[in-house]
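Counting starts at 1 for both ligands and their atoms, in listed order.
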Amino acid sequence: MTSQFLPPQKQRKPKKEWSLQDFEIGKPLGKGKFGRVYLAREVQSKYIVALKVIFKEQIEKYRLHHQLRREMEIQTSLHHPNVLRLYGWFHDDHRIFLILEYAHGGELYRELRKTGHLNEKQAATYIASLAQALAYCHEKHVIHRDIKPENLLLDHEGRLKIADFGWSVQSSSKRHTMCGTLDYLAPEMVENKAHDYAVDNWTLGILCYEFLYGVPPFEAESQMDTFRRIMKVDLSFPATPHVSAEAKNLISRLLVKDSSKRLSIQKIMEHPWIIKYADPSGTCSN
Ligand code: AMP
């Protein structure tokens, strides 16, 4: 299979057939549903990447060929500082290997769990980065549909990278398929109604809340209760920790049941909370 991996240090032929021999494999970085991810170095250029190993047996068992193919094609076509690069892929008899940009900072989720919640500067910087990445994806007719802290990685400078395009779709029309993770689902997806780009805007509202309060807004004991709370938009802001009125205003304007009335990506980027707190460089430390 061909790939488009072009290490910046050494511009090679634009297309290359990669194989495992091209990489030195380092420490494991993590384990996902369908395989493991390793730190790796391309032998010639010494370029550091993350190599995701997926077992074909698993893909066949769950009939995910089309989804994986779609994920790979979409992610390869996206070039944005806040979207994790997929440089290319190759396979052997049993495994598929994805050559991914290495995100040194790991999962944003781990950061969030470690500190409980983020401060307003961090939260606003991540939301602004997400909004920019989504504006870019939407322009390319890609709806991510599964944005959640586990799918957000950080590079060595703390810059946010959207990863895992497994549930994304490339489309300019309304979609009907049910997918995504419960707590982050927009009402139109809970109801399995047609949905469009505005599902990602809803998710930004959920994430903004979770960044600042440490838990998603509609969390409940059972799935049914979460569904009910989403459908009612049963939103409340705990008294602690202290969160500014501007942040609550942004969240309330994203968590709107009628998708056509949700704040647009452009308006998110111009929102007073983002202007006040987001670091324009897209990087932030604690
Ligand atoms: P996944 O199979 O994509 O869910 O990945 C499993 C775990 O590996 C993730 O939760 C991350 O902690 C880690 N990981 C995945 N991709 C990368 C990457 N590009 N850079 C660094 N760590 C990664």
Side-chain angles (χ1 to χ4, degrees), residues 3-8 18 20 22-42 45-62 64-65 67-91 94-115 118 126 129-130 133 137 142 144-168 179-184 203 207 210-211 282-283:
S3 75
Q4 300 174 347
F5 177 47
L6 284 170
W18 295 102
L20 205 49
D22 292 309
F23 298 90
E24 289 164 351
I25 308 298
K27 66 171 182 178
L29 294 171
K31 192 167 172 279
K33 252 178 287 165
F34 299 106
R36 287 171 192 274
V37 183
Y38 297 90
L39 189 64
R41 187 163 64 176
E42 200 264 325
S45 65
K46 306 257 185 270
Y47 195 72
I48 298 287
V49 295
L51 207 58
K52 189 170 183 171
V53 186
I54 299 166
F55 285 93
K56 286 183 177 175
E57 200 180 60
Q58 292 285 306
I59 297 301
E60 276 152 24
K61 185 168 157 196
Y62 295 100
L64 290 169
H65 328 58
Q67 194 176 310
L68 181 64
R69 183 28 94 178
R70 189 173 59 195
E71 169 177 3
M72 296 195 302
E73 274 162 9
I74 290 177
Q75 209 173 342
T76 311
S77 73
L78 298 174
H79 296 185
H80 187 275
N82 300 112
V83 176
L84 193 82
R85 284 290 306 275
L86 172 60
Y87 297 118
W89 62 82
F90 55 94
H91 64 128
H94 301 292
R95 300 164 295 183
I96 300 165
F97 299 88
L98 306 190
I99 312 167
L100 290 161
E101 176 182 355
Y102 172 47
H104 188 271
E107 283 177 34
L108 172 56
Y109 187 74
R110 202 179 47 201
E111 193 70 25
L112 189 61
R113 287 293 159 265
K114 208 166 63 190
T115 54
L118 306 179
Y126 292 145
S129 300
L130 273 166
C137 290
V142 173
H144 190 287
R145 305 196 298 182
D146 195 22
I147 296 162
K148 52 184 175 179
E150 297 93 311
N151 286 343
L152 304 176
L153 299 177
L154 300 171
D155 74 4
H156 61 290
E157 292 182 306
R159 184 178 289 104
L160 176 143
K161 305 272 175 181
I162 303 184
D164 205 339
F165 279 75
W167 281 118
S168 61
C179 66
T181 308
L182 201 62
D183 270 300
Y184 304 88
T203 312
L207 275 178
E210 186 167 7
F211 288 166
T283 60

Starting from the N and O atoms of ligand 1, find every protein N or O within less than 3.5 Å and list the pair with its distance.
residue, atom, partner, partner atom, Å
ligand 1, 3 (O), Lys52, NZ, 2.9
ligand 1, 10 (O), Glu107, OE2, 2.2
ligand 1, 12 (O), Glu107, OE2, 3.1
ligand 1, 19 (N), Glu101, O, 2.8
ligand 1, 20 (N), Ala103, N, 2.9

Please confirm whether the backbone N or O of [Y] pairs with a side-chain atom of [X], one donor and one acceptor, at under 3.5 Å?
X	Y	result
Glu107	Pro149	no
Asn82	Leu130	no
Lys161	Pro81	yes

Problem set entry | Electrostatic pair Glu210:Arg113 at N-O distance under 4.0 angstrom |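 Result for this pair is yes, salt bridge flagged.
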
For this session: If the plane angle is over 60° it's perpendicular, under 30° parallel, otherwise tilted; pick one for Tyr126 and Phe211.
Result: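 Rings of Tyr126 and Phe211: perpendicular, as their planes differ by over 60°.
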
For this session: For the residue pair Phe23 and Phe90, categorise the inter-ring angle as parallel (less than 30°), tilted (30 to 60°) or perpendicular (more than 60°).
Result: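 Parallel, since the angle between the ring planes stays under 30°.
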
